[in-house]
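The structure appears right after this line, and notes come after that.
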Amino acid sequence: MATDLWFGQAVLGRERPYHPLGLPATFITNGADLGIDLGADPSFAEVVAVRAGRMTEVREFLATVTQEDLDRVREPNAPPGWPSPGPRAASACLRVIFNEEWAHHSFAVRDLAAMG
């Protein structure tokens, strides 16, 4: 979900950036309005495939983006959605994604260690 929020919406400016299988954060109370299927029950393989696709999009963007494009302030998307409307540089949005990725990695490593 963080990739859809901070990359799809804030960096790419997609009108409908949210994947139907996205799991909205608790502060997002209008997930269905955003195109998220709140009743979805995807398999692990489906979730992994969606995640891999999103990570591929970010990698492809990073492989071709210039510093000028990273620094350019993008105009906010119209609501509804998250992050809340506001002008942002792609570099700031990517920082949020990288921090989220690192935090989730840390949680997974911690939890796996506790299980072992």
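Here, residue 1 is the first one in the sequence, and each next residue gets the next number. Basis for what follows: all heavy atoms, side chains included, without hydrogens, waters or symmetry-related copies.
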request  = Output the distance between atom CG (D33) and atom CG (L38), rounded to the nearest 0.5 Å.
outcome  = 9.0 Å
key: Minimum heavy-atom distance E100-A2, with the two atoms named   = CG-CB, 4.1 Å
request  = Starting from the C-alpha separation in whole Å, work towards a yes-or-no answer on side-chain contact (heavy atoms from CB on, under 4.5 Å) for Q9 and Y18.
outcome  = CA-CA 8 Å; Q9 171 117 349; Y18 311 101; 3.1 Å; yes
inquiry  = For D41, I'd like to know if atom CG has over 12 heavy atoms of other residues, nucleotides or ligands within 6.0 Å.
reply    = no
Atom of E46, atom of P42 and distance for their closest heavy-atom approach = OE1-CA, 3.1 Å
query = For H19, does its backbone N or O pair with a side-chain atom of D4 as donor and acceptor, under 3.5 Å?
reply = yes
message = Less than 4.0 angstrom from a charged side-chain N to a carboxylate O is my criterion; do E101 and R51 meet it?
response = yes
query = Quick one: CZ on F98 to SG on C93, what's the gap to the nearest 0.5 Å?
reply = 11.0 Å
remark   = Scanning both residues in full, the closest heavy-atom pair of R54 with T3 reads CB-CG2, 4.0 Å
note = Value for CD (E60) from CE (M55), rounded to nearest 0.5 Å, stands at 12.0 Å
Side chain to side chain donor-acceptor pair (under 3.5 Å) partners of D69, counting only residues at least two apart = R72, R74
message = How long is the straight-line distance from CH2 of W6 back to CG of L12, given to the nearest 0.5 Å?
response = 14.0 Å
query = Between CD1 of I28 and CD1 of I36, what distance do you get to the nearest 0.5 Å?
reply = 6.0 Å
Verdict with supporting geometry, R14 and E57, salt bridge (Lys or Arg N to Asp or Glu O under 4.0 Å) = CA-CA 13 Å; R14 289 183 178 149; E57 289 179 334; 3.1 Å; yes
query = Honestly curious: do L62 and F7 fall in one hydrophobic cluster under the side-chain, below-4.5 Å linking rule?
reply = yes
Hphob cluster co-occupancy, F61 + L5, side-chain heavy atoms under 4.5 angstrom = yes
Sole residue of N99, L70, V65 in side chain to side chain contact (heavy atoms under 4.5 Å, CB included) with L94 = L70
ask   = Any chain of hydrophobic side-chain contacts (each under 4.5 Å) joining V48 to L23?
value = no
ask   = Under a 4.5 Å side-chain heavy-atom rule over Ile, Leu, Val, Met, Phe, Trp and Tyr, are V109 and M115 clustered together?
value = no
